[in-house]
> 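Could you have a look at this structure, given as structure tokens, before my questions?
FYI, side chains are in, hydrogens and waters are out, and symmetry mates aren't considered; it's all heavy atoms of this structure.
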Amino acid sequence: MLDIGEETIKKSCSLAFKAHKSPGDPFLVENSAAGSSDVVISFPAGTWSVESLFSGESPFGEAKVDLELFPSLKSVGNYDPAAKPEERDFATATINQAFVDKVKQVLDNPQLKIKVQEAINAKKRIIFTGHSTGGAIAAFVTIWFLENFSKENSGSFFCVTFGSPLIGDHIISHALRRENWSEYFIHFVMRYDIVPRILLAPLSSIRQEFEKILPFFDPNSSEYKSQSVGSSQAALDLFTKVMSSASSVASSAASKLMGSPNLLLETVTKFINLSPYKPFGTYIFCTGNGKPVALKNPEAVLQLLFFTCQLNNETERATIASKCLDQHLGYYDELEGSLDMKSVTCEDNLEMLNLASDGIFDDLGLSARARQCVRAAGVFQKQKQENKVKFDSKKVKMEEEMKKLRDYRGLYEDKVGYYDAFKLQGVKKDFEANVSRLELAAIWDEITEMLKKYDLPDEFEAMSDWVKLGTEFRNLVEPLDIANFYRHAKGEDTGVYMERGRPKRYKYTQRWLEHEKKLPVGSRGESCFWAELEELHKLSGNLQAVNEEKKRVLNLQEQVGKWIEEGVLGMDVLKSSTFQAWWSELPPGLKTETISGLMTGAGNSQVE
């Protein structure tokens, strides 16, 4: 399941801790041994300071992602570059700013890209790794290389972290699953290690304690691994405060999973912000007895980050201060002494989790309540799959309705065009086409609403069959929506179609295609050019107004000509009475040679 061997993990851990003790080096490289196909690159944690995890003024050190640096870290359908900032923020990832600032410095080092390219040329797989915040750097660097190298090389990159803090919100997990990259990330977490949970607490609540225990992790400090720090009151207070915040985060997430709102918590969160950070990739929880537990469900991992740290008695409380620090530095010994990948338990069917002892999660000390929350995470993921199955079952119906509309379009290919015919609504066939339009719109509206709430599998928007079906639907049906919009003169009340009237079902499916083809945003608007045509046609007869919109007039002709030549639009577009009426009234100086040639080829008589 993990596609990585025991020796590679041990080697990654060894180099990660070597980098931990070499904070001045930007990264370390260990070439693979003879016969090995892996090259390991490790990143150090760097300076051990509060600012290395919390930068800026935000309570959790968070910021919105720079999409120029990480363009995939967004929800494709929900992201609208023209929307208000708060609406765009809803669809883009929240990341840890301190980590990304460090990543930018790492990527500016040309030697890293040289080493990576050498490994790729040698057909080696690159394992990026790191311990503590070095693991966070490794994760972001892995995402960057996955973003910037071709799909053929995506399997060349892998990331293994040890005790890494969380790096961003749920959209990172969503995006990596959508791109099929999630499987390339493995995170090892010790049961009581405080660092993977540290960003669940706001800095304001832990700053004093955090500053006191940082020297414990710093190999250049005289207090490195100092028992006086490990057993201090500051360590115990840090653990208590972090887990208190983790409790609120886990409880809030569990309430949403179970569909049973916690009214008290909802009231509290109106005044206190919860941490935005969420897990992604595969998590392997080290139990301390050689039986690690692996989970891919991010909601379940979040619950385990809280519940695995629960104390069962006062004896555990007396030792937890040192454990929560010691275990952060104990990964090498844990894996070297007990890792046997055959003993890793991979639990996927969490919705079936036994609420009593099951032999899987027993060593993590999960209570019945913890198991209930983990099972709810499994049910949530299963429900997403069932939602997809529901829409898969509707494909036959969708194809039937789309065939009716294709046949309808064929009736008018050599006449006025189906756009104008539908706009006139003169015969029964036009009414029947409208029924098919409404049937399809209802299905796609339901899909887009589920996508908005992340109630479909994260991979849905990138599934080639749905991207293809969505593109066919959009190109076939949106012209009819536009015809209906202008037939009823809705623009007089609601503004122009593209600004106020365009349904999300077309915006989403257009973004899917542009994302799949790596095209500029807005470049595949062939289905909605009719709206621009209608707006420009309103100016016909007003020479001054037409000339003032010269750029739009020329751009529309250029796009239509390009789409016809590429086969995206059919020649029947030129036979549309609306298109002909608009084009024939254009001043000669605003008619492009491309459209003039196409109009002649189409046999239209109104060519000057």
Side-chain angles (χ1 to χ4, degrees), residues 77 391-392 394-448 451 461 463-487 497-498 501-517 519 522-534 556 559-560 562-579 602:
F391 290 120
D392 284 341
K394 292 185 178 182
K395 281 183 177 179
V396 173
K397 172 67 173 175
M398 296 165 77
E399 290 288 357
E400 289 175 354
E401 298 303 328
M402 288 171 65
K403 183 181 183 303
K404 292 177 185 178
L405 291 180
R406 281 191 288 268
D407 292 343
Y408 173 73
R409 181 174 61 185
L411 293 174
Y412 296 100
E413 281 186 348
D414 296 322
K415 302 174 184 177
V416 296
Y418 86 128
Y419 175 83
D420 290 284
F422 187 85
K423 190 175 177 182
L424 292 171
Q425 286 289 306
V427 297
K428 182 180 178 182
K429 287 286 184 182
D430 304 326
F431 172 80
E432 293 172 346
N434 193 43
V435 172
S436 293
R437 176 184 74 90
L438 295 173
E439 291 269 11
L440 289 165
I443 297 173
W444 281 96
D445 282 346
E446 189 177 0
I447 290 174
T448 53
L451 287 170
E461 294 182 303
M463 291 178 173
S464 57
D465 57 335
W466 278 102
V467 173
K468 181 180 178 182
L469 186 62
T471 300
E472 292 175 353
F473 159 74
R474 177 171 59 88
N475 288 338
L476 185 63
V477 182
E478 185 167 22
L480 305 185
D481 268 36
I482 297 171
N484 187 64
F485 184 89
Y486 286 98
R487 173 175 178 262
Y497 174 85
M498 291 303 293
R502 194 183 192 202
K504 290 179 181 178
R505 55 183 176 267
Y506 303 124
K507 295 178 181 179
Y508 277 46
T509 49
Q510 180 178 337
R511 292 169 193 156
W512 296 358
L513 180 66
E514 291 167 351
H515 178 78
E516 181 184 68
K517 303 294 184 184
L519 298 171
S523 62
R524 284 301 299 269
E526 67 275 4
S527 62
C528 57
F529 89 92
W530 295 101
E532 178 73 343
L533 175 64
E534 290 279 9
L556 178 62
Q559 286 186 315
V560 169
K562 176 174 175 288
W563 288 328
I564 288 176
E565 290 175 353
E566 292 176 349
V568 175
L569 287 178
M571 290 290 287
D572 59 302
V573 166
L574 304 179
K575 297 177 181 179
S576 157
S577 56
T578 300
F579 190 91

> Are the side chain of Asp420 and the backbone of Thr578 linked by a donor-acceptor contact shorter than 3.5 Å?
yes

> State, to 0.1 Å, how close Ala433 and Leu405 come at their nearest heavy-atom pair, and which atoms those are.
O-CD2, 3.5 Å

> Whether the side chain of Gln559 engages the backbone of Phe529 through a donor-acceptor N/O pair (distance < 3.5 Å, no angle test) should be reported.
no

> When you check the gap from the basic side-chain N to the acidic O, do Lys395 and Asp465 get nearer than 4.0 Å?
yes

> Tell me whether Lys394 at atom NZ has more than 12 heavy atoms from other residues, nucleotides or ligands lying less than 6.0 Å away.
yes

> Going from OG on Ser436 to CG on Asp407, what distance comes out if it is rounded to the nearest 0.5 angstrom?
10.0 Å

> Any carboxylate oxygen within less than 4.0 angstrom of a Lys/Arg side-chain nitrogen, looking at Lys404 and Glu439?
no

> Check Trp563 against Gly525 and note the closest heavy-atom contact, atom names and distance.
CH2-C, 3.5 Å

> Please confirm whether the backbone N or O of Ala442 pairs with a side-chain atom of Asp445, one donor and one acceptor, at under 3.5 Å?
no

> Might you point out which heavy atoms bring Gly470 and Trp444 nearest each other, and give the distance in Å?
CA-CH2, 3.5 Å

> Between Trp466 and Asp392, does any side-chain donor sit less than 3.5 Å from a side-chain acceptor?
yes

> Of the options Glu526, Arg505, Arg524, Arg502, which is the one that meets Gln510 in a side chain to side chain donor-acceptor pair (under 3.5 Å)?
Arg502

